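One structure below.
For ligands, and for the atoms within them, numbers begin at 1 and follow the listed sequence. Since we're looking at a predicted model, the values are computed, not measured.
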Amino acid sequence: MDPEQQLREACQACVRCPLAAGRHGAVVSRGPSGARLMLIGEAPGAEEDASGRPFVGRSGRLLDQLLAGAGISSEREAYICNAIKCRPPGNRKPAAAELAACRPWLDRQLEQVNPALVVLAGATAVEALLGVRGGLSRMRGQWQSWQGRWLMPVFHPSYLLRFSSMEPGSPRWHTAADFLEVRRRLDRLDGPTSGQEQPLPPRL
Ligand code: URA
């Protein structure tokens with residue numbers, strides 16, 4: 001069995017936290033397991049829980065639009081997952097204990113996919129991976145070097161659903177620009193200077 005399938009089966013059997021009792025199924029990932037870009041969201045919602053695929057509801061459709069707008073194929077170029085694999089009741093924000101219980105699965109995904117670039121969609125993904133709470137507006141759009149990877153926080157698509165404006169300076173405008181920057185860095189991974197770039201200091 002391939003490692004991704006093993007991971008799926010292990011997650012379906014997981015009872016590390018009480019969310020296991022309320023799930024229809026654990027939601028592990030969509031997109032190629034060899035992608036150079038990993039996008040980490042928060043947690044599955046009702047549609048994700050029912051379908052077993054992350055980001056398939058309203059915010060998922062917006063996410064796909066944002067990726068496509070930057071020329072990134074969500075089917076071919078991005079491995080999409082969440083900080084936790086089971087739906088919290090009423091779509092509440094995951095508790096710190098739930099993030100911690102699910103962290104080994106996220107670590108295994110990072111190890112198996114081994115992405116060069118990681119996009120953290122929303123404050124919960126930032127908290128889950130970096131242990132940093134708050135400050136997303138300051139952190140978004142900035143690359144950080146983290147454990148040999150480039151990592152960028154962006155606004156979560158469900159937050160962006162509250163705004164329709166694409167005016168310069170609006171949250172959607174910033175996020176479109178952030179994904180264009182992700183596209184640029186993906187392209188640079190293949191470029192003549194790949195591997196020579198120095199990590200930028202984190203701007204926290
Ligand atoms: N929001 C998320 O963070 N993840 C999903 O899979 C769906 C909505």
Exercise. Do the rings of F155 and Y159 sit parallel, tilted or perpendicular, given the 30° and 60° boundaries?
Worked result: tilted
Exercise. For the side-chain hydrogen bond (donor to acceptor under 3.5 Å, both in side chains) test, which of R92, K93, K85 pairs with E98?
Worked result: R92
Exercise. Any idea which atoms of ligand 1 are less than 4.0 Å away from a heavy-atom of H156?
Worked result: 1 (N), 2 (C), 3 (O)
Seminar exercise, completed: Within 4.0 Å of some non-hydrogen atom of P54, the atoms of ligand 1 are 6 (O)
Exercise. What residue and atom, counting heavy atoms only, is the protein's closest point to atom 4 (N) of ligand 1, and at what distance?
Worked result: N82 OD1, 2.7 Å
Exercise. Is there a donor-acceptor pair closer than 3.5 Å between any side-chain N or O of R149 and the backbone N or O of P115?
Worked result: yes
For this session: Could you please spell out the steps behind the side-chain hydrogen bond (donor to acceptor under 3.5 Å, both in side chains) verdict for E42 and T124?
Result: CA-CA 6 Å; E42 181 173 302; T124 301; 3.0 Å; yes
Seminar exercise, completed: of all protein heavy atoms, closest to atom 8 (C) of ligand 1 is S59 OG, 3.4 Å
Exercise. Hey, does the Lys NZ or Arg CZ of R188 hover above the aromatic six-ring of W150, less than 6.0 Å from the centre and inside 45° of the axis?
Worked result: no
Problem set entry | Atoms in ligand 1 with a heavy atom of E42 nearer than 4.0 Å | 2 (C), 3 (O)
Problem set entry | F55-ligand 1 polar pair, N/O distance under 3.5 Å | yes
Exercise. Considering the options C11, P44, C86, which one meets the side chain to side chain contact (heavy atoms under 4.5 Å, CB included) requirement together with R23?
Worked result: C86
Problem set entry | Among A43, C81, G41, closest by any non-hydrogen atom to atom 5 (C) of ligand 1 | A43
